[in-house]
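Data first, discussion second: the structure below is written as structure tokens.
Index from 1, following the sequence. Both counts, for ligands and for their atoms, begin at 1 and track the order of listing.
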Amino acid sequence: MTPVPADGRIVIVGGSIAAATAARSLRNRGHAGQVTLISSEDHPPYARPPLSKAVLTGTDVPESAYLPELEGVELLLGVPAVGLDSAARTVALADGREVGYDGLVIATGARARTLPGGGDRVYTLRDLGDAQELGQLMRQGARLLVVGGGPLGMEVASVGRELGTEVTLVSDTPPMEALLGAHLSGLLVEAATAAGVEIIRQPVSELQQDQAGRPVAVLHDGRRVDGDVAFVAIGCQPNVEWLAGSGLAAGPRGLEVDEYLRVAPGIVAAGDVVAFPAESGCRRTPYWQSAFDQAVTAVEVLLGSGDAPHLPRPYFWTEQFGHHVKLVGSVVGDDAPEEVPAAAGTVLRWRNSDGAPVGAAGIDCPLSITKLRKLLASA
Ligand SMILES: Cc1cc2nc3c(=O)[nH]c(=O)nc-3n(C[C@H](O)[C@H](O)[C@H](O)COP(=O)(O)OP(=O)(O)OC[C@H]3O[C@@H](n4cnc5c(N)ncnc54)[C@H](O)[C@@H]3O)c2cc1C
């Protein structure tokens, strides 16, 4: 890719960690040209992880999620990009404006997937408004029906119990198992159950509404489970619709990039929107650290200051039911991890069939990501 000239205009479309990191990296690398960040949200770029944690409990005010201010960056807020002409190098905005660029970073992330039906008391959680609304309902004591046993479903269930709400969680697989493996899933399910969450292991066939307007989950085995409100946490889908007709390889599985995060001449992408090449085809890794790391690489590639392909270094954390879990690398199937001696908390390590370490987790322990990563290198 021909590098963007030192005084070239770089446009970033997106309003969260990938976009903000790209903007900051451009300035840190001394890029002298104009940098414009376009976000469909009215808020300045903010972090999403607190939305299912301290912002949801109400412990922290919404503004505490704002990312550090971006100096020397033009912010166009509350105006979605609706089209891209990659030949003319222009981004079309919903208000009719066209913004030209020399280099473009696509960081439009993802939005919550949901289920049809269930009426108007079915919620998802993706932005600050969602967190405020859901938090308020839980603080008012609304009985919560959670659909989905991934990190978001479990974190919201945890906050619900913290706020004294009755919580039933329905999940087709053991909660957290897909991400953290059977061992840690067991630990977190035990903690959730001890905290008073009723966990039902069943797929949800559909959402309906009862006569009082309450959402009801109809389970695969025919059972019906209701709540005053339902919270659906069944993953996220990439925001790629605005790229329709642009000729870029964007679809329901994300925006395809190469291993340098390049999309087309003058265009790179980062974050939850990205489908990155993997052995099994292009895959999204919709986690915070991945969005951050990709944004840093994408900017290096755009400026021509880096020539190495992006190296994914998986890291994920979650806070739920009194536990703080950090994972670097990945867990292996159902294999029991080995325990690594630690000064505080628990540290676990997984090995593949060749005995090579592939994942390390810290549970309620202050070990930094760097130190956890060293456990993978030094075993
Ligand atoms: C509630 C919650 C809690 C989470 N907790 C954790 C956690 O504990 N640990 C972890 O690792 N990960 C967590 N995640 C995931 C993590 O937050 C995401 O991976 C990260 O936000 C991805 O950043 P992103 O910038 O790629 O995309 P997003 O955060 O999705 O941001 C995309 C931005 O682009 C904007 N946008 C979209 N379309 C357009 C358009 N057409 N024009 C202009 N702007 C547009 C959106 O409005 C949004 O501002 C959590 C996510 C959520 C929702």
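Taking atom 30 (O) of ligand 1 as the reference point, the nearest protein heavy-atom neighbour is Arg126 NH2, 2.7 Å. If you check which protein heavy atom lies closest to atom 4 (C) of ligand 1, you get Pro49 CA, 3.5 Å. The protein atom (non-hydrogen) at minimum distance from atom 16 (C) of ligand 1 is Trp288 N, 3.8 Å. The nearest heavy-atom contact from the protein to atom 26 (O) of ligand 1 is Asp272 N, 2.8 Å. The single protein non-hydrogen atom nearest to atom 39 (C) of ligand 1 is Thr108 CG2, 3.4 Å, given as residue, atom name and distance. Scanning all protein heavy atoms for the shortest distance to atom 23 (O) of ligand 1 gives Ile17 CG2, 3.2 Å. At the top of the distance list for atom 9 (N) of ligand 1, counting protein heavy atoms only, stands Trp317 O, 3.2 Å. Ranking protein heavy atoms by distance to atom 36 (N) of ligand 1, first place goes to Ser40 OG, 3.4 Å.
Between Trp350 and Leu327, some side-chain heavy-atom pair lies under the 4.5 Å cut-off. Counting heavy atoms from C-beta on, the side chains of Arg111 and Gln237 come closer than 4.5 Å. Side-chain contact between Leu56 and Met138 is present, with at least one heavy-atom pair separated by less than 4.5 Å. With contacts defined as side-chain heavy-atom distances shorter than 4.5 Å, the pair Val347/Leu372 qualifies.
Taking every heavy atom of Gly271 and a limit of under 4.0 angstrom, the matching atoms of ligand 1 come to 26 (O). Close approach of ligand 1 to Ile38 is summarised as follows: ligand atoms under 4.0 Å from at least one heavy atom of the residue are 43 (C), 44 (N). If you number the atoms of ligand 1 from 1 as listed, the ones under 4.0 Å from a heavy atom of Asn239 come out as 37 (C), 38 (N). For ligand 1, the atoms closer than 4.0 angstrom to any heavy atom of Pro286 are 15 (C), 19 (O). Here is the list of ligand 1 atoms found below 4.0 Å of a heavy atom in Leu125: 1 (C), 53 (C). In the vicinity of Leu152, heavy-atom distances shorter than 4.0 Å reach the ligand 1 atoms 1 (C), 2 (C), 3 (C). Under a 4.0 Å criterion applied to the non-hydrogen atoms of Ala110, ligand 1 contributes the atoms 30 (O). Proximity to Val13 (heavy-atom distance under 4.0 Å) selects the following atoms of ligand 1: 42 (N), 43 (C).
On a distance-only criterion, Ala18 and ligand 1 share at least one N/O pair closer than 3.5 Å.
Closest heavy-atom approach to atom 33 (C) of ligand 1 within the set Ser39, Gly15, Gly109, Ala81: this belongs to Gly15. Across the listed options Glu241, Arg48, Glu155, Arg48 owns the non-hydrogen atom lying nearest to atom 28 (P) of ligand 1.
Distances from ligand 1 to the non-hydrogen atoms of Glu41 include at least one value under 4.0 Å.
The number of heavy atoms from other shown groups lying within 6.0 Å of CZ (Arg283) does not exceed 12. Heavy-atom neighbours of His324 NE2 from other residues, nucleotides or ligands within 6.0 Å: above the threshold of 12. When the shell of 6.0 Å around CZ of Arg29 is examined, it contains more than 12 heavy atoms from other residues, nucleotides or ligands. Sparse packing is recorded around CD of Glu190, with 12 or fewer heavy atoms of other residues, nucleotides or ligands lying under 6.0 Å away.
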Check step by step if salt bridge (Lys or Arg N to Asp or Glu O under 4.0 Å) holds for Arg143 and Asp226.
CA-CA 9 Å; Arg143 278 185 313 123; Asp226 71 355; 3.3 Å; yes

Does the pair Leu76 and Thr36 meet the rule for a side-chain contact (heavy atoms from CB on, under 4.5 Å), with working shown?
CA-CA 7 Å; Leu76 301 183; Thr36 302; 3.8 Å; yes

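Because its NZ or CZ atom is both nearer than 6.0 Å to the ring centre of Tyr46 and within 45° of the ring axis, Arg48 counts as a cation-pi partner of that residue.
Ile234 belongs to a hydrophobic cluster with Leu115, Val122, Leu145, Val147, Val170, Ile200, Val204, Leu207, Leu219, Val225, Val232, counting contacts under 4.5 Å between side-chain heavy atoms of Ile, Leu, Val, Met, Phe, Trp and Tyr, direct or through other members.
Within the 4.0 Å heavy-atom criterion, the part of Lys53 lying near ligand 1 is the side chain and not the backbone. At a 4.0 Å heavy-atom cut-off, ligand 1 touches Ala107 through the backbone alone.
Hydrophobic clustering, with ILVMFWY side chains joined whenever heavy atoms are under 4.5 angstrom apart, keeps Val35 apart from Ile17.
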